Amino acid sequence: MTEPSHGFWQPGRVVLFLALLAVGNLAIAVVILYAIHGPGGSGTMMDFGALWAAGRMALDGRAVAAYDPAAIAVVQEAALGTEYGREMAWLYPPILQLALIPFGSVPMLMGQAIWTSLTLAAYLAVARAIWPGWAGMVAAMAPGTVVLLLVNGQTGFLTAALAGVALLGFCNARAATGGLALGLLAIKPQVAPLLPLPFLVAGPRVAVAWACGGVLILAVLATLVFGIGIWGAFLNGLTIGSRDLVREDVLSIQATARAALVSLGAAPGVGWVVQGVVAAVAVLALVHGLRRWPRASVAAAVLYTGMAASPRVMDYDLTLLLIGALFQARRISAAGGPGLEKFAMLVAVLLPLADLLMRLPLNWLVAPLLLAGLMLGEAARTQSGSATGPRSG
């Protein structure tokens, strides 16, 4: 039974507030992009430079060399027309490089515009599918991490869209759709490491077979196109990614408990211990909910838990949590929820902006806060007699 909304939590008022945040994010992104690429702008290369250069090198028959930071830097700087002072290495699996070939065939800035437009459209379409109407799309544009993705051209919109499709497949028991999207998340498995778990526990389990089959086909295709050597180069490149975990400039843009503590001066060992504790608590919360909560809540929880547990989450990856929040909002709209749950969701939306403005490591709190709010909500709904168990919805 849906609870009546009172005060601030009236649906129209909440959507209006989210719309103001969304408009603000778009305005900030436009200003930043103009300052970078407009007349007299710095022309600084953003993160998309690595994606574009990987596609260009694959187009030129040098896909393996993209995993060499020195080689890809030459391509990036040639496109930029000047030296670039920060390493923009290519670390993604070869299956994503296949998809980037068309983007590498056009100038870099044009490629970024097309890439951002397509991935943003996919993200908004999935948001609308989870929470129908304008509310879902407005909410999708509200988190401050949207600014980072609009400016930098990272993969956050794409991974969020894939996670949303996978979890819609889980909620609606559509094995092929959910499984194929789950498999495509192999391009960045660390952002949703526990996503196969709901399928394995509550079904449809065959979705995992669809995921494995899809990845296998793409891996074979990448091998045929790029050669077997691409996999050795990829594994070599992963050592760069592990080095990034402790680089000072990368620590500042990570959204993990470990990175937050180390950036505040804690010993690395302390950071890893706390990260392990956060991960263990989050996983226990998910295990608790897997057989007790309806599928929409499980869909939210598996994203929150995976992001809280992962040792490598960048600030631009947090957009994926909004997909979980939309599933949680769907659950609240169907069965109601306490004010504390809604307040936790609102704070989670605002935290990335606070992190950016205050220069404090706050982003790591987003996933645990959302998970805590969801647990409060499900406890309240259980007490009020709402349906439980991993059914659809």
Side-chain angles (χ1 to χ4, degrees), residues 18 21-22 25 119-120 122-124 126-127 130-131 136-149 154-168 170 181 185 188-195 197-198 253-257 259-260 278-279 281-283 285-286 289 296-332 341-356 361-377:
L18 294 174
L21 291 177
N25 287 338
T119 56
L120 173 60
Y123 170 65
L124 292 177
V126 171
I130 297 169
W131 192 2
M137 293 194 291
V138 167
M141 296 299 292
T145 47
V146 166
V147 175
L148 299 175
L149 293 172
Q154 260 288 351
T155 56
F157 288 142
L158 176 60
T159 54
L162 289 173
V165 172
L167 289 169
L168 281 168
F170 168 71
L185 274 170
K188 202 167 189 179
Q190 72 271 21
V191 297
L194 301 176
L195 201 54
L197 197 57
I253 62 171
Q254 290 186 48
T256 63
V278 171
V281 172
V283 170
L286 177 61
S297 293
V298 171
V302 75
L303 293 182
Y304 301 162
T305 303
M307 293 287 268
S310 176
R312 183 184 172 87
V313 177
M314 300 302 183
D315 50 9
Y316 47 76
D317 291 323
L318 291 176
T319 313
L320 184 140
L321 292 175
L322 193 281
I323 295 297
L326 290 174
F327 279 104
Q328 186 177 352
R330 191 165 92 172
R331 171 68 168 145
I332 292 171
E341 179 182 19
K342 299 166 188 174
F343 180 73
M345 294 176 72
L346 179 60
V347 173
V349 169
L350 294 173
L351 270 178
L353 181 61
D355 180 285
L356 183 64
L362 301 173
N363 281 334
W364 74 274
L365 292 167
V366 178
L369 183 62
L370 285 168
L371 183 58
L374 178 63
M375 294 181 70
L376 281 172

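It should be emphasised that the depicted structure is a prediction, and the values quoted were computed from it without experimental measurement.
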Separation of Gln254 CD from Arg312 CZ (nearest 0.5 Å): 6.5 Å

Heavy-atom pair with the smallest gap, counting every atom of Gly156 and Leu149: N-CD2, 3.5 Å

Pairwise distance CG(Leu167) to CG(Leu326) - rounded to 0.5 angstrom: 11.5 Å

Verdict with reasoning, Val191 to Ser310, per side-chain contact (heavy atoms from CB on, under 4.5 Å): CA-CA 7 Å; Val191 297; Ser310 176; over 6 Å; no

Nearest heavy-atom neighbours spanning Ala296 and Arg331: CB-CB, 4.3 Å

Any Phe327 side-chain heavy atom under 4.5 Å of Leu168 side chain: yes

Nearest heavy-atom neighbours spanning Val126 and Ala161: CG2-O, 3.7 Å

Salt bridge (Lys or Arg N to Asp or Glu O under 4.0 Å) contacts touching residues 314-323 (sequence neighbours left out): Lys188-Asp317

Whether Thr256 side chain and Ala259 backbone form a donor-acceptor pair below 3.5 Å: yes

Leu318 side chain reached by Met307 side chain, heavy atoms, under 4.5 Å: yes

Shortest non-hydrogen separation from Pro352 to Thr145 and the atoms involved: CB-CG2, 4.0 Å

Closest contact, heavy atoms only, Gly324 versus Leu303: N-CD1, 3.5 Å

Residues Ile332, Glu341; criterion side-chain contact (heavy atoms from CB on, under 4.5 Å); working and verdict: CA-CA 9 Å; Ile332 292 171; Glu341 179 182 19; 3.6 Å; yes

Qualifying side chain to side chain donor-acceptor pair (under 3.5 Å) pairs with a residue from residues 299-308, counting only residues at least two apart or across chains: Tyr304-Gln328

Validation row: Arg330, Trp131 side chains within 4.5 angstrom (heavy atoms): no

For the student: nearest non-hydrogen atoms of Val278 and Ala257, plus distance: CG2-CB, 4.1 Å

Expected output: side-chain Tyr123 to main-chain Ala140 donor-acceptor under 3.5 Å: yes

Any Leu370 side-chain heavy atom under 4.5 Å of Met345 side chain: yes

Side-chain touch Met141/Leu120, heavy atoms, less than 4.5 angstrom: yes

Flag side-chain contact, heavy atom, 4.5 Å: Pro368 against Leu371: no

Non-hydrogen side-chain atoms of Leu369 and Val347 separated by less than 4.5 Å: yes

Donor-acceptor under 3.5 Å (Thr119 side chain, Phe157 main chain): no

Gap separating the CG atom of Leu286 from the CG atom of Leu197, nearest 0.5 angstrom: 5.5 Å

Main-chain N/O of Ala142 paired to Asn25 side chain as donor or acceptor, under 3.5 Å: yes

Spacing of NZ belonging to Lys342 relative to CG belonging to Leu376, to within rounding of 0.5 Å: 13.0 Å

